[in-house]
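Have a look at the structure below before the remarks.
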Number of protein chains: 2
Amino acid sequence: MGAALGRVHRLWRQAINHAVSPLELTESRWAVMVHLDHLGEGCSQHALAHQLAIEMPSLTRTLNQLEQQTLVERQPAPNDRRAHTLWFTERGRRVMADLEQHIQAVRTAIYGNLTDEQLCQLAHIVCAMESNLHQYLEHHRGNGK
Amino acid sequence: MGAALGRVHRLWRQAINHAVSPLELTESRWAVMVHLDHLGEGCSQHALAHQLAIEMPSLTRTLNQLEQQTLVERQPAPNDRRAHTLWFTERGRRVMADLEQHIQAVRTAIYGNLTDEQLCQLAHIVCAMESNLHQYLEHHRGNGK
DNA sequence: GGGAGATAGTTAGCAGGCTAACAACGGTAT
DNA sequence: ATACCGTTGTTAGCCTGCTAACTATCTCCC
């Protein structure tokens, strides 16, 4: 039954991939851009990875791609020579401005025929499952089984 | 917002992976076994891939693994020399019998604090989103854009 | 100040989804 | 019969998640 979530997630990824492909983006790169915008420029990779709920190496790879596309850049962080701060480039900011309009069609296609109440229920249930899963995994790691 | 589904799916995969690891299985191999059982032995790879909602090459790889573990075997199909029929081995059937008990803990951990009504709502909403996404993708493929 | 342990980021390589391209076979129409 | 098209399954290789192991740095405590 949790498999249904996987199916929807893969379809959603395909839809987003299609929607942002005119901007030379993919779902994962798009997600990084959006969350960087949401978190605010100048944040660390660690903070961004936490926000995205992915591991650092996954983010490292995606950031390399975005940096190669000159959409995002890493700058040395003041006060910590290990860390980087993340910033949009000029071009990155222009792309961000265009994003919403490309995504909107997907959003309305997916959520269009659902009521606000249903979306609220969905968010609530999914959040509960997420927290349940976190708890399960945390519990079954400290112990051997 | 669809990203939350991805997070839950990844956590769920980790939980299942953990739960079935004593049987030398992973979530994807487990899913193949369960769906083969559900669909009935003797079915074709195509039918099983459809049931799992994955593409044939993904299934091919997983079946290779299961065959190497002597849990499942491919047999030539009568009446169609291209196709295979899929069968559990003796060992595979024994493992299937053990599966439910290993999975149960995960299920109760995830769904335990949700009401039947919530699960029903979830199934309904997820199903709607799945069908919306299918429609979107179908629509935006026939056309150039 | 100097050493032990935590933390930020990277690299390497695995897992399992996908598409594209192919071989082998089936089915149908001429 | 043969020619063509659809189907089944495989191979090759991309994408993006992950863990493990590493470097470089920071922090804290003696």
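Residue numbering restarts at 1 for every chain, and letters A, B, ... go by the order of the sequence lines.
With rounding to whole Å, R61(B) atom CZ is found 13 Å from dT19(C) atom P. Taking atom CG on N64(B) and atom C1' on dG16(C), their separation rounds to 13 Å, with Å as the unit. Between the CG atom of L137(A) and the P atom of dC18(D) there is a distance of 12 Å, given to the nearest Å. The nearest whole Å value for the distance from the CG atom in L59(A) to the C1' atom in dT11(C) is 15 Å. If you take CG of L63(B) and P of dG17(C), they are 11 Å apart, rounded to a whole angstrom. In this structure, Q65(B) atom CD and dG17(C) atom P are separated by 9 Å, rounded to whole Å. Distance L66(B) CG to dA15(C) P: 14 Å, rounded to the nearest Å. The separation between L52(A) atom CG and dC18(D) atom C1' is 15 Å, rounded to whole Å.
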Output one line per pair: protein atom, nucleotide atom from nucleotides 22-25 of chain D, and distance, for all N/O pairs under 3.5 Å.
from	atom 1	to	atom 2	distance (Å)
dT25(D)	O2	R82(A)	NH1	3.1

Show me the protein contacts with nucleotides 20-23 of chain C, counting only N or O atoms at under 3.5 Å.
none

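Here the closest non-hydrogen pair linking A77(B) and T85(B) is CB-CG2, 3.8 Å. In plain terms, the two heavy atoms of A31(A) and L52(A) that are nearest each other are O-CD2, 3.7 Å. Of all heavy-atom pairs between A15(B) and L133(A), the closest is CB-CD2, 3.8 Å. Across every non-hydrogen atom of G2(A) and H9(B), the tightest pair is O-CD2, 4.3 Å. Heavy atoms only, all atoms of each residue included: R7(B) and A53(A) are closest at CD-CB, 3.3 Å. Shown here for A128(B) and L114(A), the closest heavy-atom pair between the two residues is CB-CD2, 3.9 Å.
By the 30° and 60° cut-offs, the orientation of the rings of H18(A) relative to Y136(B) is perpendicular.
A close approach under 4.0 Å does not occur between any side-chain nitrogen or oxygen of Q45(A) and OP1 or OP2 of dT7(C). Under 4.0 angstrom from either OP1 or OP2 of dT10(C) there lies at least one side-chain N or O belonging to T60(A). Look at S44(A) and you won't find any side-chain N or O under 4.0 angstrom from OP1 or OP2 of dA8(C). Residue R10(A) places at least one side-chain N or O closer than 4.0 Å to OP1 or OP2 of dC18(C). Of the side-chain N and O atoms in S58(A), one or more sit less than 4.0 angstrom from OP1 or OP2 of dC18(D). Regarding contacts with the backbone of dT16(D), a side-chain N or O of T26(A) is found under 4.0 angstrom from either OP1 or OP2.
On a pure distance criterion of 3.5 Å, no polar donor-acceptor pair joins the side chain of R13(B) and the base of dG16(C).
Between the side chains of Q69(B) and R91(B), no donor N or O sits under 3.5 Å from an acceptor N or O. Using a 3.5 Å distance cut-off with no hydrogens or angles, the side chains of R29(A) and T62(A) do not pair a donor with an acceptor.
Between R93(B) and E41(B), at least one side-chain nitrogen of the basic residue sits less than 4.0 Å from a carboxylate oxygen of the acidic one, meeting the salt-bridge criterion.
Of the candidates dG9(C), dG17(D), dT8(D), dG9(C) carries the atom nearest the A83(A) side chain, counting heavy atoms from C-beta on. When distances are taken from the side chain of E55(A) to each of dC18(C), dG9(C), dC18(D), the shortest belongs to dC18(D).
Mapping N17(B) and R74(A) onto DNA chain C via the closest heavy atom, the residue that lands nearer the 5' end is R74(A).
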